[in-house]
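Below is one structure; the comments refer to it alone.
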Protein chains: 2
Amino acid sequence: MKQKPTLKVIAKELDVSVSTVSKALRDSKEIGEETKNKVKAFAKLYNYRPNNIALSLKNKKTKTLGVIIPEIVHHFFTTVISGIEHYANDKGYNVIVGLSNESFKKEVINLEMLANGSIDGFIISVAKETLSVKDYHHLSETIDQGIPIVMFDRVIDEIDCDKVIVDDVKTSEKAVRKLISSGCKQIGIISTKDYVSVGRLRTEGYKNALESKGIEVDTNLILKIDDKFNSDDNLEFLEQQIHDYFEKNTVDGLFAVNELYAITAMKVARQKGLSIPNDLQIIGFTDGVLSKHAYPPLTTISQHGFEMGEEAAKLLIERLENTNDDEEPFKTTIVKTDIIDRETTKL
Amino acid sequence: MKQKPTLKVIAKELDVSVSTVSKALRDSKEIGEETKNKVKAFAKLYNYRPNNIALSLKNKKTKTLGVIIPEIVHHFFTTVISGIEHYANDKGYNVIVGLSNESFKKEVINLEMLANGSIDGFIISVAKETLSVKDYHHLSETIDQGIPIVMFDRVIDEIDCDKVIVDDVKTSEKAVRKLISSGCKQIGIISTKDYVSVGRLRTEGYKNALESKGIEVDTNLILKIDDKFNSDDNLEFLEQQIHDYFEKNTVDGLFAVNELYAITAMKVARQKGLSIPNDLQIIGFTDGVLSKHAYPPLTTISQHGFEMGEEAAKLLIERLENTNDDEEPFKTTIVKTDIIDRETTKL
DNA sequence: CACGTCAGCTACAACGTTTTCGTGTTGATA
DNA sequence: TATCAACACGAAAACGTTGTAGCTGACGTG
């Protein structure tokens with residue numbers, strides 16, 4: 001186990017000064033050709049690489065991005081991370097991930113752990129609990145300390161920062177319109193509680209679509225799932241709620257704000273003997289593995305997570321590398337969506 | 001935007017020395033009560049947090065783990081990351097993720113980017129390309145430099161390090177035995193090419209099970225998928241290969257070495273009019289979202305990714321924090337598996 | 001009064017870099 | 001021969017922290 005060589009050991013070994021070694025390796029014209037070659041050869045031989053930590057300390061930048069997401073076991077978030085990684089690596093940045101597990105406290109801890117010099121900026125999708133308790137002090141304090149934040153997907157209007165979102169209202173409107181034009185007469189929606197911005201906005205789009213076609217909105221047809229900040233374990237609870245919904249309502253079209261809700265609705269519908277898409281047409285939101293491999297394959301809205309990730313990383317890195325004194329105004333970029341036609345809708 | 005306070009600014013502000021501030025905050029008995037209180041109050045007021053980078057430089061440890069995986073958009077890997085994060089955070093460690101995208105070159109780059117001081121140790125599941133070209137110099141060099149590595153799932157026998165695996169052979173044996181005892185007469189396997197260790201081992205288990213029951217192994221029934229280092233885009237190619245397999249062979253039991261293969265096989269079988277589990281019983285490997293939400297829900301082997309992640313993090317951190325001079329021998333821990341009975345098998 | 005002790009503080013080095021500002025030697029020029 | 005530029009290199013500071021060693025003044029003891 002040979003130790004990593006430092007400038008100092010190279011200097012001692014070659015009997016020159018540390019500065020000379022540093023300059024030689026950076027090809028400074030201050031150093032003579034001969035010395036340069038000698039140093040470079042030695043450095044290559046011993047596989048010298050500058051110590052990142054020392055560089056970070058000196059340059060006051062770490063070339064590392066902090067990504068905080070509610071859950072990693074979730075296809076949408078992982079595609080976003082892929083996008084972030086892709087863009088960031090390309091620009092020489094690393095990515096640290098923190099998981100909030102939808103918990104406010106863990107979000108705060110993660111932010112604090114990383115905000116002490118470990119990273120140059122954050123990309124975050126806020127936890128449901130944070131949205132629900134409406135306590136954003138950790139975010140505003142971080143921004144106050146000069147650490148930029150980019151929010152994506154779940155976004156907080158009150159916080160001024162760069163944002164990457166999807167036009168939830170318009171997109172949902174489009175999806176529900178599609179259901180209408182495919183012949184659905186009774187269209188329901190399975191959404192989240194209102195404090196989750198995306199749920200609220202997608203419900204809004206749902207209403208807009210109906211109203212624009214002169215259809216009255218029946219609030220009984222709007223199911224707002226109570227998922228206790230944790231969508232993974234309480235699958236039965238989710239099924240139960242959807243089951244009850246089907247007991248009380250008869251629908252021939254359904255719009256679900258994520259793919260899990262859509263898939264689960266399909267399952268419950270199948271148990272009730274409904275045929276998809278003949279008796280019931282369904283559109284989901286987010287194009288994940290579930291949608292693609294479901295039976296029948298689910299017609300869904302693609303959020304283009306990869307592009308969202310790339311865009312978020314781009315916004316963040318641009319802000320980090322912007323050396324102008326005049327602060328750039330905050331941008332919120334809207335990533336386009338597409339409806340991917342599969343087999344849970346007609347036509 | 002107020003700057004992060006450092007020891008130096010606190011010292012200047014309170015007109016004491018930097019050392020005094022440092023010691024006061026760490027509650028050293030060298031410092032008088034009065035001064036301590038003054039410093040602590042000031043630090044709290046200005047929300048002082050020690051700079052991680054400076055600490056890392058000084059202590060020569062970063063309290064950060066580097067995790068390198070082939071793909072993040074993959075349920076098994078994300079559960080492993082969850083497990084790693086869970087254990088690591090608990091011990092005050094952060095996690096940097098690097099994606100190799102199954103590419104040898106990207107794996108090397110990622111390793112090098114992080115090995116220059118950014119992390120204390122690696123947890124890695126090697127890329128298929130690396131396994132196929134059999135070039136492990138980046139891994140052995142990293143270990144040589146004193147940076148410990150823990151491998152999980154896809155593991156390299158030639159490299160001496162801690163490992164976390166599943167007993168692929170035994171587990172597969174159990175699964176195939178189950179198929180046999182459920183009445184299957186013609187049992188096939190969908191595996192990977194042999195350079196992927198898990199594929200090779202699971203195929204071995206498949207053969208063992210058959211032989212132990214006195215059934216002759218028919219190599220035609222062994223399909224080794226050629227997936228070109230990228231399982232995501234070439235879904236049609238995968239389908240094609242499975243389709244051809246079904247054309248040539250008639251099976252009533254199928255063991256697939258991952259869930260995507262299993263799900264795709266189900267899809268192809270359905271197209272051929274086969275009823276599951278009546279005409280064909282299927283068992284997959286890895287309990288992911290696909291298995292759970294498939295139609296019908298897939299009987300599968302749970303690898304307990306979360307536990308694997310926790311175990312990997314545990315091994316790594318224990319090694320990092322082991323201050324004994326005598327090197328601990330390398331361990332490989334075997335995480336248990338379970339068959340999760342769902343609806344693609346009888347009984 | 002000389003000496004030692006102790007509390008309470010400060011100075012300094014070190015971690016590995018980069019960069020600014022010297023400094024000494026050479027050779028050419030006036 | 002005195003002056004000066006060009007060249008090749010070194011010393012030192014800085015980033016933020018911690019730990020060791022050193023310093024100062026007050027007090028007690030013989």
Side-chain angles (χ1 to χ4, degrees), chain A residues 3-40 42-43 46-64 92 114-120 145-147, chain B residues 3-40 42-43 46-64 92 114-120 145-147:
Chain A
Q3 269 308 320
K4 281 237 104 179
T6 66
L7 291 185
K8 205 198 286 192
V9 319
I10 298 183
K12 186 178 293 179
E13 212 69 27
L14 296 180
D15 212 39
V16 292
S17 79
V18 174
S19 349
T20 305
V21 178
S22 172
K23 286 173 192 164
L25 292 175
R26 326 201 93 242
D27 230 350
S28 157
K29 61 189 104 22
E30 283 184 62
I31 307 296
E33 277 307 316
E34 204 183 341
T35 317
K36 273 198 221 174
N37 291 335
K38 191 174 60 174
V39 172
K40 283 184 189 165
F42 194 92
Y46 286 91
N47 196 27
Y48 170 79
R49 299 256 180 279
N51 179 308
N52 267 330
I53 296 292
L55 286 179
S56 298
L57 183 59
K58 183 137 223 325
N59 303 331
K60 287 164 151 285
K61 51 179 70 167
T62 61
K63 286 267 188 176
T64 304
L114 297 179
N116 303 308
S118 303
I119 53 96
D120 296 338
Q145 283 177 8
I147 303 178
Chain B
Q3 270 309 320
K4 282 237 102 179
T6 66
L7 291 185
K8 205 198 286 192
V9 320
I10 299 184
K12 188 178 292 180
E13 212 69 26
L14 295 181
D15 212 36
V16 291
S17 79
V18 174
S19 344
T20 306
V21 179
S22 171
K23 287 175 186 162
L25 291 174
R26 326 202 92 242
D27 230 350
S28 158
K29 60 192 103 31
E30 284 183 62
I31 307 296
E33 276 306 315
E34 203 182 342
T35 317
K36 274 198 219 170
N37 291 334
K38 193 174 61 174
V39 172
K40 283 184 189 166
F42 194 91
Y46 285 91
N47 196 28
Y48 169 80
R49 300 254 181 282
N51 180 309
N52 267 331
I53 296 292
L55 287 179
S56 298
L57 183 60
K58 186 142 220 324
N59 302 331
K60 289 168 150 282
K61 52 179 71 168
T62 60
K63 286 263 185 183
T64 303
L114 297 178
N116 303 306
S118 303
I119 52 97
D120 296 338
Q145 283 176 7
I147 304 177

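All chains are named by letter (A, B, ...) in the order of the sequence lines, taking the proteins before the strands, and each is independently numbered beginning at 1. What's counted below: heavy atoms across the whole structure, side chains too, no hydrogens, waters or symmetry copies.
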* To do: Kindly determine whether A:Ser17 and A:Thr20 satisfy side-chain hydrogen bond (donor to acceptor under 3.5 Å, both in side chains), including the steps that lead there.
  => CA-CA 5 Å; A:Ser17 79; A:Thr20 305; 2.9 Å; yes
* To do: Can you tell me the distance, in whole Å, between the CZ atom of A:Arg49 and the C1' atom of C:dG16?
  => 16 Å
* Can you find a donor-acceptor pair, distance only, under 3.5 Å between B:Lys23 side chain and D:dT20 base? -> yes
* Whole-Å gap separating P (D:dT18) and NZ (B:Lys60) -> 17 Å
* Do A:Tyr48 and A:Leu25 touch side chain to side chain, with heavy atoms closer than 4.5 Å? -> yes
* Asked: Which residue, A:Val21 or B:Asn51, contacts DNA chain D at a nucleotide closer to its 5' end, judged by nearest heavy atom?
  -> A:Val21
* **Contact nearer the 5' end of DNA chain C, comparing A:Ala54 with B:Val18** => B:Val18
* When rounded to the nearest 0.5 angstrom, what is the spacing between CG in B:Asn59 and CG in B:Asp120? -> 10.0 Å
* B:Thr35, nearest nucleotide to its side chain (from C:dT10, D:dT18, C:dC9) -> C:dC9
* To do: Would you mind reading off the distance between A:Asp15 atom CG and D:dG10 atom C1', rounded to a whole angstrom?
  => 12 Å
* To do: Under 4.0 Å between any heavy atoms, over every strand shown, what does B:Thr6 touch: base, sugar-phosphate, or nothing? Just pick one.
  => sugar-phosphate
* When you get a sec, tell me which of C:dT18, D:dG16, D:dA11 is the closest nucleotide to the side chain of A:Arg26? => C:dT18
* Structure fact -> Side-chain contact check for B:Thr20: nearest option of C:dT18, C:dC9, D:dT18 is C:dC9
* To do: Take the protein atom CD of B:Glu33 and the nucleotide atom C1' of C:dA7, then report the distance between them rounded to whole Å.
  => 13 Å
* Using whole Å, report how far CG of A:Leu7 lies from C1' of C:dT18. => 9 Å
* Applying side-chain hydrogen bond (donor to acceptor under 3.5 Å, both in side chains), run through A:Lys4 and B:Asn116 and close with a yes or a no. => CA-CA 9 Å; A:Lys4 281 237 104 179; B:Asn116 303 306; 3.1 Å; yes
* **Whether over 12 other heavy atoms sit under 6.0 Å from B:Phe42 CZ** => yes
* Has the side chain of B:Ser19 got a donor or acceptor that lies under 3.5 Å from a partner of the other kind on the base of C:dA11? -> yes
* Measure the distance from NZ on B:Lys36 to C1' on C:dG8 and round it to the nearest whole Å. => 11 Å
* To do: Report which part of the nucleic acid B:Leu55 touches: base, sugar-phosphate, or nothing (heavy-atom distance under 4.0 Å, all strands).
  => sugar-phosphate
* Structure fact -> Here the distance between atom P of C:dA11 and atom CD1 of B:Ile31, to the nearest Å, is 13 Å
* Structure fact -> Comparing nearest nucleotides in DNA chain C, the 5'-proximal residue of the pair B:Glu30, B:Leu57 is B:Glu30
* OP1 or OP2 of D:dT17 under 4.0 Å from side-chain N/O of B:Tyr48 -> yes
* Hey, are the side chains of A:Arg26 and A:Ser28 touching, using non-hydrogen atoms and a 4.5 Å cut-off? -> no
* Under 4.0 angstrom between A:Ser17 side-chain N/O and D:dC9 OP1 or OP2 -> no
* To do: Check whether any side-chain N or O of A:Lys8 sits under 4.0 Å from OP1 or OP2 of C:dC15, and answer yes or no.
  => yes
* Whole-Å distance between D:dT17 P and B:Lys63 NZ? -> 18 Å
